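None of these values were measured; they are calculated from a predicted model.
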Amino acid sequence: MPLTIATWNINSVRLRIESVARFVEAYRPDILCLQETKCMDGQFPLADLRKMGFDHIAIHGQKGYHGVAIASRYAFRDPERKPFFGKEDARHISVVLADGPATGTRIHNFYIPAGGDEPDPAINPKFAHKLGFLDEMEAWDGLKVGDAGNRSILVGDLNIAPYEHDVWSSKQLKGVVSHTPLERRRLIEVAKAGQWVDMMRELTPEPEKLYTWWSYRSPDWAAANKGRRLDHVWVSPTLGPAMRGFEIVKDARSWERPSDHAPVIATLDL
DNA sequence: ATGTCGAAGAATCTTCGA
């Protein structure tokens, strides 16, 4: 039985709820994980998502910034909202599927801090936050998924493009936050510590370019194609054999009033 | 390499964060 899971940094779920509906109508994900919902829980458009067929929704929002949500066609249990780096800033939510082909699978949805502009933790507290967040992810037993009985999926905007061909020019971006050598190494170490499989890179190895984000600041983003792979789908080793494919829905980046991120939809066969 | 966005508070622009 196939399971489809999508991840999308929507950059305001209220502003772009029509784009969410358009994506869901076209791609029918079983599970939709959103980041940067940018609203308090009481403002979240629950009714709209229910209309799209998601009967089960877990949200973790706050005013104005960040915010994550998991919308599912299948029931789930044990929702968890973990604070990182001593901050209650709505960057993680997790549930365990209680119905459907992936019953028992834990889903993690992350929004890792962007990290500001200056890649030096001594002078930039946002970069220190990003590195501290990665430290806590690496140390958290909840993300150690190597056991044979463990079925877990981690998705989200991880705000790091770890490999050379995850950016349009590794040389030109080597000093730019999201692709500094330190961040690249640390994200790979976080994945390794939990024994996570980077599904997109497993199915589409380097040197093929993969991007999920194109800056708003590029006047002709599609022609320039100066993208980065900031959005990720990781699976526990047990789910490795179930990986079937994924699609970066680049088309959505050119919809009216778009998010700067494209959705990624992954298919597993369980 | 700093171009564009979005939220929010007090206006019809500014500040912050990305």
Legend entry - All pairs passing salt bridge (Lys or Arg N to Asp or Glu O under 4.0 Å) where residues 166-175 of chain A contributes a residue, at least two apart: A:Asp166-A:Arg201, A:Asp166-A:Arg229
Hey, what are the protein-to-nucleotides 7-9 of chain B N/O distances that come in under 3.5 Å?
{"residue": "B:dA7", "atom": "OP1", "partner": "A:Ser12", "partner atom": "OG", "Å": "2.3"}
{"residue": "B:dA8", "atom": "OP1", "partner": "A:Gly64", "partner atom": "N", "Å": "3.3"}
{"residue": "B:dA8", "atom": "OP2", "partner": "A:Arg14", "partner atom": "NH2", "Å": "3.4"}
{"residue": "B:dG9", "atom": "OP1", "partner": "A:Lys63", "partner atom": "NZ", "Å": "3.1"}

Once you round it to whole Å, what is the distance between [atom2] of [N] and [atom1] of [X]?
X: A:Tyr111; N: B:dG17; atom1: OH; atom2: P; answer: 12 Å
X: A:His129; N: B:dG17; atom1: NE2; atom2: P; answer: 12 Å
X: A:Asp117; N: B:dC16; atom1: CG; atom2: P; answer: 14 Å
X: A:His261; N: B:dT4; atom1: NE2; atom2: P; answer: 18 Å
X: A:Trp221; N: B:dC5; atom1: CH2; atom2: P; answer: 13 Å
X: A:Lys130; N: B:dG17; atom1: NZ; atom2: C1'; answer: 13 Å
X: A:Tyr216; N: B:dT4; atom1: OH; atom2: C1'; answer: 8 Å
X: A:Asp231; N: B:dA18; atom1: CG; atom2: C1'; answer: 13 Å

Legend entry - A:Tyr111 ring center near A:Tyr65 ring center (under 6.0 Å): no
Legend entry - Check: A:His92 ring centre within less than 6.0 Å of A:Trp140 ring centre: yes
Inset, instruction - Determine, for A:Glu25 against A:Arg28, whether the closest basic-nitrogen to carboxylate-oxygen distance falls under 4.0 angstrom. - result: yes
Inset, instruction - Could you tell me whether A:Arg186 and A:Glu189 make a salt bridge, using a distance below 4.0 angstrom between a side-chain N and a carboxylate O? - result: yes
Inset, instruction - For A:Arg228, report the nucleic acid contact type (base, sugar-phosphate, nothing); a contact means any heavy atom under 4.0 Å. - result: nothing
Inset, instruction - Could you check A:Ala114 against A:Trp168 and say which one's nearest nucleotide on DNA chain B is further toward the 5' end? - result: A:Trp168
Legend entry - 5′-ward residue of the pair A:Leu173/A:His66 relative to DNA chain B: A:Leu173
Legend entry - Base orientation of B:dA10, syn vs anti, 90° cut from 0: anti
Legend entry - Contacts of A:Pro237 that satisfy side chain to side chain contact (heavy atoms under 4.5 Å, CB included) - sequence neighbours left out: A:Val145, A:Gln195
Inset, instruction - Could you measure between the two P atoms, the one in B:dA10 and the one in B:dC16, and give it in whole Å? - result: 14 Å
Legend entry - Span that lies between the C1' atom of B:dA7 and that of B:dT12, in whole angstrom: 16 Å
Inset, instruction - Would you check if there is a donor-acceptor pair between the side chains of A:Trp234 and A:Asp198 at a distance under 3.5 Å? - result: no
